[in-house]
Amino acid sequence: MSTYLWSDTGHGRPSRGALPYPGAAMARTRFSDRTQAGRELAAALRAMALQPPLLVLALPRGGVPVAAEIARALGAPLDLLLVRKIGAPSQPELAVAAVVEGTPPDVIVNEDTADLPGVDEAYIQSMLPAALREIERRRGIYLRGRPQHPVEGATVIVVDDGIATGTTMKAALQALRRRRPARLIVAVPVAPHQSIVALGDEVDEVVCLVEPRPFYAIGLHYLDFHQLGDAEVCEALDAARANG
């Protein structure tokens, strides 16, 4: 298992020039639901004349119905990118590390929070078994043994239903980049501008439809932002597979 560091303040590397989608709006009416958001993202991506082979990777659960619309529109396979956050001992929502699926899985430590009280290598290692079990549980339920699609050499589009701080997404992208995609793109309906900028070192392009200023929460930009259950995720994946 490989362990890496990430930082929300940058890596001291030159940016790959990732830019938000030129049509990104500062304000707009809300998306009706994740499906509509996916259709709008698909239209933006179709205009980019992406080079095959294409692969769409969804971050479950919320990213799956968005990604399903993109995969359908582009005629691309849909797979999952499974990542589990490891929270701080006293602040579970604050990411100190993330576990990203793979063979072997990658453990990426957030150097900005690695010196919090109670956070050390022993703590992170103690949290890994539960995180890996949840990753395996989700892949078993959602894909039921179907093999993963290859990343190397593909134009890979990573999709979620929105980005807030971007810490978990950033960790996932750092691990994914090591699998050598030909081109790496993030596509999200909504995100704050600062999170888009923070992803610039990790991807070739960012497609984001809405960059609200100020940004409060992803769900405020949807009329329907209900929490997805496992059954809905499986239904969207099965439909995408049938269309492929």
Side-chain angles (χ1 to χ4, degrees), residues 2 4 6-8 10-24 37-60 63-83 98 100-103 105-106 108 147-163 166-191 193-211 237 240-241 243-244:
S2 302
Y4 306 98
W6 95 72
S7 170
D8 293 331
H11 303 271
R13 302 195 309 266
S15 170
R16 296 188 179 93
L19 295 173
Y21 175 59
R39 289 171 181 162
E40 293 192 27
L41 276 173
L45 289 160
R46 278 201 308 268
M48 294 170 64
L50 301 174
Q51 293 298 310
L54 303 178
L55 174 62
V56 179
L57 293 178
L59 270 65
V64 173
V66 183
E69 291 299 315
I70 293 171
R72 181 188 60 78
L74 298 181
L78 174 62
D79 206 341
L80 301 181
L81 180 58
L82 294 171
V83 55
V100 185
E101 67 167 345
T103 308
D106 289 323
I108 301 183
Q148 291 179 268
H149 291 273
V151 167
E152 185 172 353
T155 298
V156 178
I157 305 165
V158 182
V159 182
D160 206 351
D161 56 9
I163 293 173
T167 54
T168 302
M169 172 69 84
K170 195 168 188 177
L173 293 170
Q174 285 192 9
L176 190 60
R177 176 66 76 177
R178 293 181 177 90
R179 301 173 197 173
R180 297 185 292 183
R183 189 176 180 188
L184 187 54
I185 299 167
V186 165
V188 291
V190 57
H193 180 72
Q194 61 268 30
S195 293
I196 295 296
V197 172
L199 294 176
D201 282 346
E202 310 304 335
V203 297
D204 298 296
E205 292 180 80
V206 179
V207 178
C208 180
L209 301 178
V210 184
E211 295 177 40
L237 291 168
R241 186 178 183 224
N243 290 333

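Here, residue 1 is the first one in the sequence, and each next residue gets the next number. We use all heavy atoms of the structure for the numbers below, so side chains are in, but hydrogens, waters and symmetry mates are not.
One finds the CG atom of Leu41 at 4.0 Å from the CG atom of Leu209 (value rounded to the nearest 0.5 Å). Rounding to the nearest 0.5 Å places CG of Asp106 at 10.5 Å from CD of Glu101. Note: Ser195 OG to Ile163 CD1 = 6.5 Å, rounded to the nearest 0.5 Å. Rounding to the nearest 0.5 angstrom, the gap separating the CG atom in Leu80 from the CD atom in Gln148 is 8.5 Å. From Gln174, atom CD reaches atom CG of Asp201 across 9.0 Å, with rounding to the nearest 0.5 Å. For the atom pair Ile108 CD1 and Thr168 OG1, the distance stands at 10.5 Å (nearest 0.5 Å).
Between the side chain of Asp79 and the backbone N or O of Leu57, no donor-acceptor pair lies under 3.5 Å. Using modelled atom types, no side-chain atom of Glu202 and backbone atom of Lys170 make a donor-acceptor pair closer than 3.5 Å.
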Show which side-chain atoms of residues 49-56 pair as donor or acceptor with protein atoms under 3.5 Å away, not counting sequence neighbours.
none

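Taking the side chain to side chain donor-acceptor pair (under 3.5 Å) definition, one finds that Arg180 meets it with Glu152, sequence neighbours left out.
When all heavy atoms of Ile196 and Cys208 are compared, the pair lying nearest together is CD1-CB, 3.7 Å. Summarising the geometry of Ala42 relative to Glu69, their closest heavy-atom pair is CB-O, 4.1 Å, with the distance given to 0.1 Å. Between Ala37 and Pro189 the shortest heavy-atom distance is CB-CG, 3.6 Å. Of all heavy-atom pairs between Gly162 and Val188, the closest is CA-CB, 4.3 Å.
Using a 4.5 Å heavy-atom cutoff, the side chains of Val207 and Met48 are in contact. Contact annotation: the side chain of Ile157 approaches that of Leu74 to within less than 4.5 Å [non-hydrogen atoms, C-beta and beyond]. Under the 4.5 Å side-chain criterion, counting only non-hydrogen atoms from C-beta, Val158 is in contact with Met169. The side-chain heavy atoms of Val206 and Val197, taken from C-beta on, include no pair separated by under 4.5 Å. Between Val100 and Leu81 there is a side-chain heavy-atom pair separated by less than 4.5 Å.
Val156 pairs with exactly one of Leu184, Val186, Asp204 by the side chain to side chain contact (heavy atoms under 4.5 Å, CB included) rule, that one being Leu184.
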